[in-house]
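Treat the numbers as computed from the prediction; the structure is a model and nothing was measured. Residue numbers run from 1 in the order of the sequence given.
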Amino acid sequence: MPKVQPAVAKPNHSSYFAIIAFLVLTFPLLVLPRIVGNVFNTPKTLLMQIGVCVLVALQAFHLLRGKEVPVSKTGTPKLMLLAALLNFFSFFYTRNYYYTVVAATMNVTALLFLYFVSIHVTGRKAFWLLVLVSASGALVALETWLEFYDTSLLYPWTKEGSMVVGTIGNSNYLGAYLLFPLTAVTGLIWLIRGRGRYALFILWVFLFAALLFSRARAAWVGVFFAIPLLLYLVARIHRFSVGAYVRARRKRALLGAVSFLVLTGLLWTLAPERFRTMMGFSNVTNPASFKMRTEKYFQVSWWLFKENPLFGTGLWSFRNMVYDAQAEIEKSGGAFFKDYPEPKPRRVHNEYLEVLNDGGLVAALVLAALFWVVMKHGWTVIGSETAPREERVIAGTAFCALTGILVAALFFFPFRINTTLFMTALMLGITEGLYLRHSGLLEKSAFPVSARAVFIPVIFLLLAGWIYYAGYKPF
């Protein structure tokens, strides 16, 4: 009688999604006032690190028990691995060891999070992730509104006229973060029907106002590209022609346009004086800070890049290398410090130049390839006639959020902020995950029995040490 082979147990993938969903909801909200020195960055980075380590440990546990786990058959994980290795390679030549530890911890954690989202997300789960992004964004926007009106749920020391920071830590960081929930809500408006759609319209206005309160002009530019692009993609997916609609319903379209203008004018009239002053044309278009960054910061960044074009000077080394560079430029030209009121920059305020300084052309090419491949996969899902329409809209939402943050990166440094880095990894993971399932590029794989006894315990030891030295110890 032939032996019956025992069935390979299948892991419960709902546990993976529960951890991912918990991180998506709580990560932007976590602050620890009066408990740690950096009430915004330290707890968020530690939470992301612990969450990702739990995901890695859970997968290692399933492999140890002989269970199969999903594995991507594309080349994307190889690009992620190469990007992670470049982070560790930076330790061999960095000029700022402390901040390289901080940066590498954030980057590797985000890459791992991207991978786990991509192999465990489905169309339905991606929908709920967008809902959670919108929910956490609404709570951040609520705190932003309160701060704008000189009160706070979290910071009792808030003073009149204080800068709004939400739960993110800085008004510019806040604006870059709000780009994601605003785009998510825009996508959900086309996915939810009935009365829920009206609630989403109200939430969209609520989030958009919070974005304006942040006065984060880089994020405004990103939203200016992301939202119209998403509307175009949704219209294309639904085979909807704006021109044909207007021609067929001219009176209704005209009434809608007039109503919008009247409502906008009414809201502007009712807005507080602080808002109207802040949004005044002279304030919004003031080029002083942008001019200083392009003339001074960019020049220093380019000088540093030319000194180490292949591998850069190490992660976040611009912070301390900038002073030597400024001195050398002053020696060669003699007028660098003229009209330079803030000669102590910590960042270039352009993510692409930052990457060239951190890792040179090698890192820039690897990251460009990673974004290109994942966004190309997203575009494939968006344009596919065989994919469910809802999944195409979700892929379009993630694609447009990524487009918006990449545009904002021309004037900002979103991937140096844990909140925007986390949200970018999430959108990349959703985009890649939808493509993997649509294209049938996920397979089940188990770990060889002979290697489990050595490899799995090593993983647990590495995770424990990583959390302690890079996560817990900074407290």
**Q.** Minimum heavy-atom distance A126-I430, with the two atoms named
**A.** CB-CG2, 4.0 Å
Q. Is there a donor in the side chain of E143 and an acceptor in the side chain of S152, or the other way round, less than 3.5 Å apart?
A. yes
Q. Do the side chain of T45 and the main chain of T42 share a donor and acceptor less than 3.5 angstrom apart?
A. no
Q) When F422 is tested against each of F180, F415, Y177, F113 for ring pair (Phe, Tyr, Trp, His ring centres under 6.0 Å), which residue passes? A) F113
**Q.** Considering all heavy atoms, the nearest P28-T167 contact
**A.** O-OG1, 2.6 Å
Q) Do E391 and F127 touch side chain to side chain, with heavy atoms closer than 4.5 Å? A) no
Q: Please test N107 against L421 for side chain to side chain contact (heavy atoms under 4.5 Å, CB included), starting from the C-alpha separation and ending with a verdict.
A: CA-CA 8 Å; N107 295 340; L421 180 64; 3.8 Å; yes
Q) When rounded to the nearest 0.5 angstrom, what distance separates CD1 in I192 from OG in S134? A) 8.0 Å
Q: Grab the two heavy atoms, one from A216 and one from G175, that are nearest each other, plus how far apart they are.
A: CB-CA, 3.7 Å
Q.
Test your reading of the model: is there a side-chain donor-acceptor pair from R215 to the backbone of V164, 3.5 Å cut-off?
A. no
(Q) Assess the residue pair T94 and S317 against the criterion (side chain to side chain donor-acceptor pair (under 3.5 Å)); give the C-alpha distance rounded to whole Å, side-chain angles, the decisive distance to 0.1 Å, and a yes or no. (A) CA-CA 7 Å; T94 181; S317 291; 3.2 Å; yes
Q. Say you draw a straight line from OG1 of T419 to CG of L178; how long is it, rounded to the nearest 0.5 Å?
A. 10.5 Å
(Q) Under 6.0 Å between ring centres: does that hold for Y297 and H349? (A) yes
Q) Do the non-hydrogen side-chain atoms of L130 and M427 ever get within less than 4.5 Å of each other? A) yes
Q) Do T397 and T186 come close enough that some side-chain heavy atom pair is under 4.5 Å? A) no
Q: For side chain to side chain contact (heavy atoms under 4.5 Å, CB included), just list the numbers for L231 and W190, CA-CA rounded to whole Å, side-chain angles, deciding distance to a tenth of an Å, and then say yes or no.
A: CA-CA 10 Å; L231 295 177; W190 303 97; 3.9 Å; yes
Q.
Ring centroids only, cut at 6.0 angstrom: are F22 and F27 within range, meaning strictly under it?
A. no
Q.
I need the R416 CZ to Y173 OH distance, nearest 0.5 Å.
A. 11.0 Å
Q.
Less than 4.0 angstrom from a charged side-chain N to a carboxylate O is my criterion; do D324 and R95 meet it?
A. no
Q | Residue pair T144 / V140, side-chain heavy-atom distance below 4.5 Å | A | yes
Q | F399/M375 under side chain to side chain contact (heavy atoms under 4.5 Å, CB included): CA gap, chis, key distance, verdict | A | CA-CA 6 Å; F399 182 92; M375 294 184 74; 3.8 Å; yes
**Q.** Heavy atoms of other groups near Y93 OH, more than 12 under 6.0 Å
**A.** yes
Q) Heavy-atom count around Y155 OH within 6.0 Å, excluding the residue itself: above 12? A) yes
**Q.** Min side-chain heavy-atom separation H438-L434 under 4.5 Å
**A.** no
Q: Give the minimum heavy-atom separation between I189 and R197, together with the two atoms involved.
A: O-NE, 2.8 Å
Q: Assign the ring pair F213 / W145 to parallel, tilted or perpendicular, where the plane angle (0 to 90°) is split at 30° and 60°.
A: perpendicular
Q. So H62 and Y16, would you call those rings parallel, tilted or perpendicular, with 30° and 60° as cut-offs?
A. tilted
Q) Going through the distances and angles, do L142 and F206 end up as a side chain to side chain contact (heavy atoms under 4.5 Å, CB included)? A) CA-CA 8 Å; L142 174 61; F206 188 71; 4.2 Å; yes
**Q.** W302 atom CH2, neighbour heavy-atom count above 12 within 6.0 Å
**A.** no
Q) Looking only at heavy atoms, which two atoms of L129 and A21 are closest? And how far apart? A) CD2-CA, 4.2 Å
(Q) A side-chain contact here means heavy atoms from C-beta on lying under 4.5 Å apart; do L233 and C400 qualify? (A) yes
**Q.** Spatial distance of atom CG (N350) from atom CZ (F411) [nearest 0.5 Å]
**A.** 8.5 Å
Q: Check whether any side-chain N or O of T420 sits under 3.5 Å from a backbone N or O of P414 as a donor-acceptor pair, and report yes or no.
A: yes
Q) Given side chains that start at C-beta, do those of K44 and V31 come closer than 4.5 Å, heavy atoms only? A) yes
Q) Where is the tightest heavy-atom contact between F40 and N418, given as atom of each residue plus distance? A) O-ND2, 4.4 Å
Q: Any chance you could measure L132, atom CG, to K125, atom NZ, to the nearest 0.5 Å?
A: 13.0 Å
(Q) With a 6.0 Å cut-off (strictly less than), is the heavy-atom count around CZ of F91, excluding the residue itself, greater than 12? (A) yes
**Q.** Plane angle bin for Y99 and W316 - parallel if under 30°, tilted between 30 and 60°, otherwise perpendicular
**A.** tilted
Q: For the residue pair S301 and E354, establish whether any side-chain heavy-atom pair is separated by less than 4.5 Å.
A: no
Q. When the aromatic ring centroids of F208 and W204 are compared, is their separation below 6.0 Å?
A. yes
Q) Between the side chain of S118 and the main-chain N/O of E432, is any donor-acceptor distance below 3.5 Å? A) no
Q.
Distance check, rounded to the nearest 0.5 Å: L370 atom CG versus L111 atom CG?
A. 7.0 Å
